[in-house]
Protein chains: 4
Amino acid sequence: MAASTAPLPRTRDADKSQQAILQAAMEEFAQHGHAGARIDRIAEQAGVNKRLIYYYFGNKDDLFLAVLERTYADIRAAEQALHLDAMDPVEAVRQLVSFTWHYYLDHPEFITLLNSENLHQAVHLKQSARIQEMNSPLVQLLADVLERGRREGLFRDGIDPIQLYISIASICYFYLSNNPTLSVIFGRDLRAPKALAQRLSHITELVLGYVLR
Amino acid sequence: MAASTAPLPRTRDADKSQQAILQAAMEEFAQHGHAGARIDRIAEQAGVNKRLIYYYFGNKDDLFLAVLERTYADIRAAEQALHLDAMDPVEAVRQLVSFTWHYYLDHPEFITLLNSENLHQAVHLKQSARIQEMNSPLVQLLADVLERGRREGLFRDGIDPIQLYISIASICYFYLSNNPTLSVIFGRDLRAPKALAQRLSHITELVLGYVLR
Amino acid sequence: MAASTAPLPRTRDADKSQQAILQAAMEEFAQHGHAGARIDRIAEQAGVNKRLIYYYFGNKDDLFLAVLERTYADIRAAEQALHLDAMDPVEAVRQLVSFTWHYYLDHPEFITLLNSENLHQAVHLKQSARIQEMNSPLVQLLADVLERGRREGLFRDGIDPIQLYISIASICYFYLSNNPTLSVIFGRDLRAPKALAQRLSHITELVLGYVLR
Amino acid sequence: MAASTAPLPRTRDADKSQQAILQAAMEEFAQHGHAGARIDRIAEQAGVNKRLIYYYFGNKDDLFLAVLERTYADIRAAEQALHLDAMDPVEAVRQLVSFTWHYYLDHPEFITLLNSENLHQAVHLKQSARIQEMNSPLVQLLADVLERGRREGLFRDGIDPIQLYISIASICYFYLSNNPTLSVIFGRDLRAPKALAQRLSHITELVLGYVLR
DNA sequence: TATGAATGAGAATTCATTCAT
DNA sequence: AATGAATGAATTCTCATTCAT
């Protein structure tokens, strides 16, 4: 029945294999970094022949780039769902912080992939027109929120939205990225649920404490 | 006395060899991460026989740990020189932010080494009693500063010094750590002198904006 | 049928490659022992890329085990061809001795491989369910022969077949295994054809002298 | 007091170091064979600097030879204590078997060192005039015993003492040398005290069963 | 007599990638 | 679209041995 409806099965399998490779590669690169990742493990995890990876993705670097592209596409898609313009300024800031925090928390691969790419001076990213075209809506949304807050007399003047956006990302990202070493240094489990809740509370306070006049 | 002045231009200097290896290893691990680092390159850079690395440091992991230990020892030593207790609270916060920022800026290896260690879930760090004993004085100093500021009616109440310390580290670290990808995404050079100055200005403002009532 | 005759001079023959590796490994391990064997030489002798050895056999130890398994399989196969039950008891004992002697004489690799494995306390053998399942038929055959001889009044009573089997193996094995040192100590070539013939004659006499009442 | 009696201390230390090296080397070569032995471990075990091994023994092969020489010297010394000429022939044979068995049992290093040397076609032994001059008295003693037994009408005629000597060595040596593999193959611990006693009983019976008419 | 420092040659093993079908 | 076979170039690590004192 499926066969009679369309000439798709072949294509579907191909797509399925590619998706399986991409997913496995994302996990492998996320867990071991670019240099530590193994093509063999990706093939095994994806359940495909190793040769197929080269067939579809060329080589390890191109595969890494494909993973990066998908990673950025994913976060951009998630960002699209965030409608800060419909909220009052304070709530919008809260939501932005919360979204950023939870996105990183739920997508640890995002952090390790970016770290790996930064270790390599963003060589892959620089090659990708696709990613560079995927503009994050958040900076503009944040700029609007800040302007609205300023006009309402709630927020302070002269806040640079890019700087603030980076700062919000920072205080979410770093805590999660460096959690293992911080946990050892401070001698406590900074990934415990309670610690995570306290962290979100602090960063929200920090950001609001700064923007509110 | 004659004995102590004599052997200057010797090659058979164990300590010198070890330091050369350690320095070369720090650079190699910082530049390529743990998995990407090459023992061969370290030997070449250190100007010693590859075998000597194993003679003194055992294996790649132990060498990496030795590098981590030195890295932490270095920052702890720098932190010791910071006398926040002699300053008024606002100035102390400024100095802490400035110190943190400049330390990371001047020691890019600190960032990449920590990232590499975090990718590996701090496995090496967990083994090192030495590092765990090197307590940073900054958290306590910051706690004192916050308390003084609070008593003087300058600072807000209920600030957790550990959270704030991590946040200060975050906003300094992330900007530098993720500079390559951020620069591509935002389409401008975030390491340009002017951009760096603006960043320091922003983070100082952000932190003071939060702590001041 | 055409299909089966076609691909003769192919190099891409997995089984052929594996057999070539196994054969070369057997010779290398037999000649140099486990520790003295070199993977490089095995690859060269087998005419394959060194990497292929790891592809098929995992590592040196696993390869050694594969060689051991084949070695035991070979001797078990040879033992199967020995039909002691069809002979009169005295002839059967003669044949068993002769078979054992000639098998060791014709398969010097059996001796050195076993010596190597014994030096390592049989660590590889202990892992191999396969070898442990390959029961030698000889002990049971010998037990039957001894029982027949006893009933016919030819052989003495109370001979333990396992002990006798080990003794027969001993007097064949040791002479060949320790031939180099014995030759030096006794100052004559114990591998000369005449010496070998005398040895077989002696051991046959020794065993028969013991079993016959 | 010791210092005043002679100028020996220095020499004694030297001798002590040499003996420590030799002892450690014997254990190392016995446990790992020639190829598997490590100079580093020998130095560590002997508690001396690695360089000293080269100072006293030249190189690994020469050290191995020195170990072999001591090993042969030891067994020759033990053999000297065996006075078969004072016993009646049957008792003398029993004693020879028992001595051989217990010597191998108590000196496992003898077995593994000889196996290692035989793997190498006795290359070291061939170089050693010393060892070749250390004639074992046992063959001659056995010849005398056999002759006495024959004259007393107890022993059979025409027994070659060298062959019998080798056979006695065989049945003792092989059981112990190949104990690990035999234990696995037979599925029982052939080094258990009871198994050892049974073995000695069997080999005594076997030899006497042969020599007695 | 003794030793810590140093090394060249080699050892097992790994890895991304290509071949042949 | 897919795969098992095969490989060259590393890569970490080892080892007997020598250097310099």
Side-chain angles (χ1 to χ4, degrees), chain A residues 9-18 35-43 48-61 63, chain B residues 6-7 10-18 35-43 47-63, chain C residues 7 10-18 35-43 47-61 63, chain D residues 9-18 35-43 48-61 63:
Chain A
R10 262 222 153 86
T11 311
R12 271 204 186 120
D13 277 7
D15 193 58
K16 199 177 134 200
S17 291
Q18 287 185 57
R38 296 291 168 257
I39 298 287
D40 271 301
R41 283 196 297 245
I42 294 171
V48 305
N49 185 280
K50 189 171 33 161
R51 188 65 189 76
L52 207 57
I53 294 176
Y54 291 91
Y55 184 71
Y56 283 125
F57 294 94
N59 61 29
K60 192 183 184 183
D61 278 290
L63 178 58
Chain B
R10 60 190 166 180
T11 304
R12 301 177 73 79
D13 183 326
D15 194 58
K16 198 176 141 199
S17 295
Q18 287 181 56
R38 293 293 169 257
I39 297 287
D40 271 306
R41 283 196 297 245
I42 294 171
V48 304
N49 184 284
K50 187 176 25 166
R51 181 65 187 77
L52 208 57
I53 294 175
Y54 293 93
Y55 182 62
Y56 283 123
F57 293 94
N59 59 33
K60 193 181 182 181
D61 278 290
D62 289 349
L63 178 58
Chain C
R10 61 192 163 179
T11 303
R12 301 177 76 79
D13 181 328
D15 194 58
K16 197 177 140 198
S17 295
Q18 287 181 56
R38 294 293 169 257
I39 297 286
D40 270 306
R41 283 195 297 245
I42 293 172
V48 304
N49 184 285
K50 189 174 25 164
R51 182 65 187 77
L52 208 58
I53 294 176
Y54 292 92
Y55 182 62
Y56 284 123
F57 294 94
N59 60 32
K60 193 181 181 181
D61 278 290
L63 178 58
Chain D
R10 262 222 153 87
T11 311
R12 272 206 186 119
D13 277 7
D15 193 59
K16 199 175 134 199
S17 292
Q18 286 185 55
R38 295 294 168 254
I39 297 288
D40 271 301
R41 283 196 297 244
I42 293 171
V48 304
N49 184 280
K50 188 171 34 161
R51 187 65 189 74
L52 207 57
I53 294 177
Y54 291 92
Y55 184 72
Y56 283 126
F57 293 94
N59 61 29
K60 193 183 184 183
D61 279 289
L63 178 58

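Here is how names work: the chains are called A, B, and so on, in the same order as the sequence lines, proteins then strands, and each is numbered from 1.
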task = Nearest 0.5 Å please: distance from the CZ atom of B/R38 over to the NZ atom of B/K60.
result =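 These two atoms lie 5.5 Å from each other.
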query = Can you tell me how far the CZ atom of B/R51 sits from the OH atom of B/Y56, to the nearest 0.5 Å?
reply =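 Nearest 0.5 Å value for the CZ-OH distance: 11.0 Å.
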ask   = In terms of the nearest nucleotide of DNA chain E, which residue is placed more toward the 5' end: C/D61 or B/G47?
value = B/G47
A/I39 vs B/Q18, nearer the 5' end of DNA chain E by closest nucleotide =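 The answer here is B/Q18.
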inquiry  = Please name the nucleotide paired to F/dA1 by Watson-Crick or G-U wobble geometry with both distances under 3.5 Å, or report none.
reply    = none
task = Hunt down the Watson-Crick or G-U wobble partner of E/dA16, both distances under 3.5 Å, from any strand shown, or write none.
result =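 F/dT7 - that is the nucleotide pairing with E/dA16, both distances being under 3.5 Å.
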Nearest heavy-atom neighbours spanning A/I39 and A/L63 = CD1-CD2, 4.5 Å
key: Of the listed nucleotides E/dA2, E/dT13, F/dT11, the one nearest the side chain of D/S17   = E/dA2
query = What residues in residues 48-57 of chain C put a non-hydrogen atom under 4.0 Å from any atom of DNA chain E?
reply = C/K50, C/R51, C/Y54
request  = Tell me what B/D40 touches on the nucleic acid: a base, only sugar-phosphate, or nothing, going by heavy atoms under 4.0 Å.
outcome  =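 Answer is base: heavy atoms of B/D40 come under 4.0 Å of a base.
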message = What contact category does C/A37 fall into here, base, sugar-phosphate, or nothing, at under 4.0 angstrom with non-hydrogen atoms?
response = sugar-phosphate
ask   = For A/R38 and E/dT14, is the shortest distance between a side-chain N/O and OP1 or OP2 below 4.0 Å?
value =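 The answer is no; no side-chain N or O of A/R38 sits under 4.0 Å from OP1 or OP2.
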